[in-house]
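What follows is a single structure, written as structure tokens, with notes after it.
The sequence lines fix the lettering, A, B, ..., with proteins before strands; numbering per chain opens at 1.
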Amino acid sequence: MLLSLIIFLPIFYGLIIWLLPEKATRVTAMTLSGFHFVFSLLILIKFDSATPALQLVEQVPWVPTFGISYFVGVDGISLWLVLLTTFLTPVTILGSWTAIENKVKGFHVAMFALEATMIGTFLAMDAVLFYVFFEASLIPMYFMIGIWGGPRKIYATVKFFIYTMFGSLFMLMALIALMFMTRDMLGGQMSASLLDFYKLDIPFVGGDFLNTQTLLFFAFALAFAIKVPMVPFHTWLPDAHVEAPTPGSVILAGVMLKMGTYGFMRFAMPLFPEAVQYWSWLFMFLAVFGIIYGALVAMVQPDIKKLVAYSSVSHMGYVILGLFAMNSYGMSGGLYQMLNHGISTGALFLMVGMVYEKTHSREISKYGGLAVVAPWYAILFLIVTMSSIAVPMTNGFIGEFLILLGGFQASYAFGVFAVSGVVLGAAYMLWMVKRVFFGAEGELVTKYKSHGLDLGLREMCVMAPLILLIFWMGIFPNHFLKFTEASVQHLLNNKNNYELTIKQDVPEKTFFAKAKSDRSVATEEN
Amino acid sequence: MDIQFELLDLLLVSPVLVLFLASIIPLTMKVLSGNRETNTFSTFACGLGGVIAATFLTAANYGIQKTAFQEALRFDGLSFWIQMTVLLVAGATLIFSKESSATNNNQFSEFVFLLLNSAIGMMVVVWANDLMTLFIGIELMSLCLYILIALSSEERLSKEAAFKYFVLGSFASAIMLYGVSFIYGTVNATTIPEITKLAPDLMETNRLFLMGVILTMLGLFFKVSIFPFHAWTPDVYQGAATPLTAFMSTGVKAVSLAFILRFFTMDILLSEHSTPLMNAVEWLAALTILVGNIAAIMQTNFKRMLAYSSVAHSGYVLIGLLAAGVGGEALLGASGVVFYVISYAIMTLGAFGVIGLFETNEDSMIDIDDLKGLAQRSPWVAACISLFMLSLAGIPPTVGFFGKFFIFSAAIKQGFVWLAIWGVIGSVISVYFYLRPIVLMYMYDEEGATVISSKVLTQMAITIAALLILALGIFSEPLYKAVLANMGSLFL
């Protein structure tokens, strides 16, 4: 019941918001999403980090004729992504307090719909259910960019929608093919359950592209590569980010991109081990290419938001590199980096949004000397930048370090090039910081400095949890990694015949049952 | 000749009898009251009452597997579901036409009479167990439609549409009849069971039979606007009064597709020699999807856009029909087709119903651009339109997604993988124009067409359609299972 509540309560919150008057929207949304985050921490309490098995499972038949069920469960791979979603939602709602001025109600309804579908994507253990959430999450994001976005919002949102849908429809084809395969395996009954998919033995021929496993793998990989996005499928991302309103960017970068990398970990790697092994060079190459390409393109962007968007391309390249390194360092690092990226890039987008709200411009060349008039803003921005460029003590360091270790272990060549990306990353971020915060006072700063460019109390409250997490995750990575370790190890140790079991919960004895058993023990003793 | 039939036969066709009765009463009343349209509401109520009664009578025949009238009619799962669809369509059309200025005029009684008789023709088509019965059904359906389209008092477009539809439709009917004569010449029978028995052999040995099959198929393809017989669709759909467009695009399509399904299950695609024929049909499906979707992108008129999108949807269904026609797990294909047709009927009715909401008089032409800023003016209608569009595009969690899912899974299972991929690419293209109304409604703030608030019944019908789309999208299993359970007899 817990997981279903975590998925569907946001829909209910959306309804509440819809029914309440518009004046109360922000406060209600903030309260409900904050409550939902606290509520979702229950998973953490109930979660058993010692086992890789699927936990808190719920399974109800949905379309039994096709073996489709409503099947949700959580394990080490999805745990933190769910919490990341529930964490970022209230932060974003608070962050968009003044950024969203029109259709406030609709915006928050979309936000909650987005939260529900994203959590659903991470928790679904049935392939069709996963697909449904994966696709459905496009709809609120489509509205979010299209209604509250910038001047080229329509171009951006339609491109975003069609591009991502294009990939996922191929995934749908592959899903259907896999479902028919399970039917042959299970003797007549189709199944869309991932656990049954994992048991499949899909024929693979190396060196030949036209074989079942390779084709299915690429059908999935296309969907996820577009979502991540990997170069050369990244062109929708800068458009979407630049045009999206700040909260849209935060959620897009913070959570939605992770659906792609999560998909690789959940579907592509365990289902098609030989194909992944065989083609890992291609993905590592594209990942490293993306790291460097993203960094170089980010460097020359005149627009801060676009710069951050391209830095996303670069950072997601690290995640892919880590995953496809197929070793323990790489994979834990990849998973960790997903969270880091969610927090640090989310924070960057929020901070860019904060200053944009006041000056209505994101052009780097118009800033300069901002640190003097907005010291707090500068300090926090610098901390987030440090996290983004992986300075030790921040979360980014742990992630990138593990990924690079994994990358070197897998291949020196890729490792070397990936490291150069770290340098480039530091270069473009610090250069941007220098141009925006230091040096001579820019025209915008002069114009708006009397308006108070520094952070207000609300903005401080938005940033505080993010900054806290940046250091917490950077200094005590084990607090987080220990939950994922079992699942990652399990995936690596059994990569060629991965299977996932459902953790059988020992039913907790109720008070009466306990009393009864005590009594029976007592009678026996007598 | 001595014609005999049992009482049960009459019970089976009772929906048609009731419909006919309901259609004739208002007309008689009108004649008796001096050819004046006194009370359109009672006419409407009478028609709707007939449809509801027919629905109950149909529901009473649920699960029956029988032939009637010397095997001229056949009642099975396919006919049951499509019959229900036709009644749903007829009911919705009555509601739309009651509140449409193009139809609710001093000829409303005639309109209802023709509409219900067209629906009767549709039912005869789905019941047809004999190619001659089929022809009679198709003609009854079409003749009523020709007049219905021309009946509108609007000046030019509807006359052009009616004439175009009439000329081309007659031509197609003639070709079909020509094909039937070839089939009769070779099989010496026109009943489907007889043809089914001989079809696989004749496909190999007899070119005339092949000719007959092809010509009959072409006639049917015209009715469902498969490329290259689709050219009439946009003009006719645009010219006809909107309620009629809704009726044609769902009703005519549903029954014709259902009959093509019956036709394909005559084992004509099973023999070795039918491979070229099958390839040709595959290509027609692919081209229909492509042409429909590409042409829809370029439309500015809402009805024309939906017309081209309906062409594309015929293409998707044709994939399912192929999957149902090649043996093996044909049942998957057949039930996929029926599910798709039902879901398509619901969403298309909704979409055309919405257009009716904006029409102030019979000359109204609703462009897609007129929807600009609708979300501000009538948020509920805008939400419904979005739902219809998303469903037509096949995006979860709407029923359109499961429709496509069932069709494509049948196609993959039956070895039409390339068609499934093609269909998927078509869906991606279609997303572009299905999103456009949503973009205009939500992302612009300009003034445009307004919803006419007095059309209460239409608004209710649209709301029901929207809720059905969501409900069936989330719980598609009961309907699919019910369809699946009844389709087996098709392949006996």
Side-chain angles (χ1 to χ4, degrees), chain A residues 18 61-66 68-70 102-103 105-106 110 117 120 128-139 142-149 153-155 157-181 183 190 192 215 219, chain B residues 329 332 335-336 339 375-376 379 383 386-387 390 393-398 401-402 404-414 417-418 420-421 423-436 438-445 473-485:
Chain A
W18 188 44
W62 185 23
V63 189
T65 327
F66 273 76
I68 303 169
S69 53
Y70 172 77
N102 58 338
K103 300 174 196 155
K105 215 183 214 182
T117 47
V128 174
L129 186 68
F130 172 84
Y131 178 82
V132 167
F133 280 127
F134 193 81
E135 282 286 88
S137 70
L138 294 181
I139 301 171
Y142 165 75
F143 281 113
M144 207 175 263
I145 301 175
I147 299 179
W148 295 277
K153 58 187 182 179
I154 288 162
Y155 169 76
T157 194
V158 172
K159 184 173 178 180
F160 158 75
F161 197 102
I162 293 183
Y163 216 128
T164 16
M165 190 176 165
F166 175 76
S168 49
L169 276 167
F170 283 95
M171 177 169 80
L172 179 67
M173 298 282 99
L175 282 182
I176 294 172
L178 283 170
M179 284 164 67
F180 282 111
M181 286 184 176
R183 188 172 66 165
M190 237 185 270
L215 286 176
Chain B
E329 299 194 36
L332 273 180
S335 34
F339 186 90
Q376 298 286 321
S386 314
L387 206 57
L390 291 175
I395 291 160
T398 58
F401 165 68
F402 275 103
K404 285 216 171 88
F405 178 84
F406 294 140
I407 291 246
F408 290 154
S409 48
I412 288 176
K413 184 66 210 170
Q414 297 283 61
V417 178
W418 83 273
I421 292 177
V424 158
I425 293 173
S427 306
V428 176
I429 301 173
S430 75
V431 169
Y432 183 76
F433 62 84
Y434 286 131
L435 286 187
R436 226 166 76 207
I438 306 180
V439 165
L440 293 170
M441 288 186 302
Y442 284 91
M443 302 169 196
Y444 285 89
D445 292 320
I474 296 168
F475 305 102
S476 57
E477 169 75 5
L479 178 62
Y480 184 75
K481 208 168 181 178
V483 169
L484 194 66

Is chain B contacted by the side chain of A:L172, its backbone, both, or neither, given a heavy-atom distance below 4.5 Å?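 The answer is the side chain of A:L172.
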
So what's closer than 4.5 Å to chain B heavy atoms on A:P61: side chain, backbone, both or neither? neither

Specify which of [options] makes the most heavy-atom pairs with chain B at under 4.5 Å.
options	result
A:F166, A:F170, A:W62	A:W62
A:I68, A:I139, A:I154	A:I154
A:F133, A:F134, A:Y131, A:W148	A:Y131

Please state whether the side chain, the backbone, both or neither of [X] comes within less than 4.5 Å of a heavy atom of chain A.
X	answer
B:S409	both
B:A375	neither
B:I421	both
B:Y480	side chain
B:Y432	both

Using 30° and 60° as the class limits, which term best fits the ring planes of B:F406 and B:F402: parallel, tilted or perpendicular?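 Rings of B:F406 and B:F402: tilted, 30 to 60°.
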
side-chain hydrogen bond (donor to acceptor under 3.5 Å, both in side chains) partners of B:R436, counting only residues at least two apart: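 Counting only residues at least two positions away or on another chain, B:R436 forms no side-chain hydrogen bond (donor to acceptor under 3.5 Å, both in side chains).
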
Taking side-chain hydrogen bond (donor to acceptor under 3.5 Å, both in side chains) as the definition, give me every residue that meets it alongside A:S168, ordered by chain and number, with sequence neighbours left out.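 A:S168 satisfies side-chain hydrogen bond (donor to acceptor under 3.5 Å, both in side chains) with A:E135 once adjacent residues are dropped.
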
How long is the span from the CE atom in A:M165 to the CG atom in B:L435, to the nearest 0.5 Å?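 Here the rounded value is 8.5 Å.
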
When only pairs under 4.5 Å are counted, which of [options] shares the most heavy-atom pairs with chain A?
options	value
B:V417, B:I438, B:L390, B:L484	B:I438
B:F475, B:F408, B:F405	B:F405
B:E477, B:K404, B:Q376	B:E477

I would like to know whether B:L332 and B:Q414 meet side-chain contact (heavy atoms from CB on, under 4.5 Å); could you show each step before the answer? CA-CA 9 Å; B:L332 273 180; B:Q414 297 283 61; 5.9 Å; no

Could you tell me if the side chain of A:F66 sits less than 4.5 Å from the side chain of A:I176, heavy atoms only? no

Side-chain (A:K105) to main-chain (A:W18) donor-acceptor, under 3.5 angstrom: yes

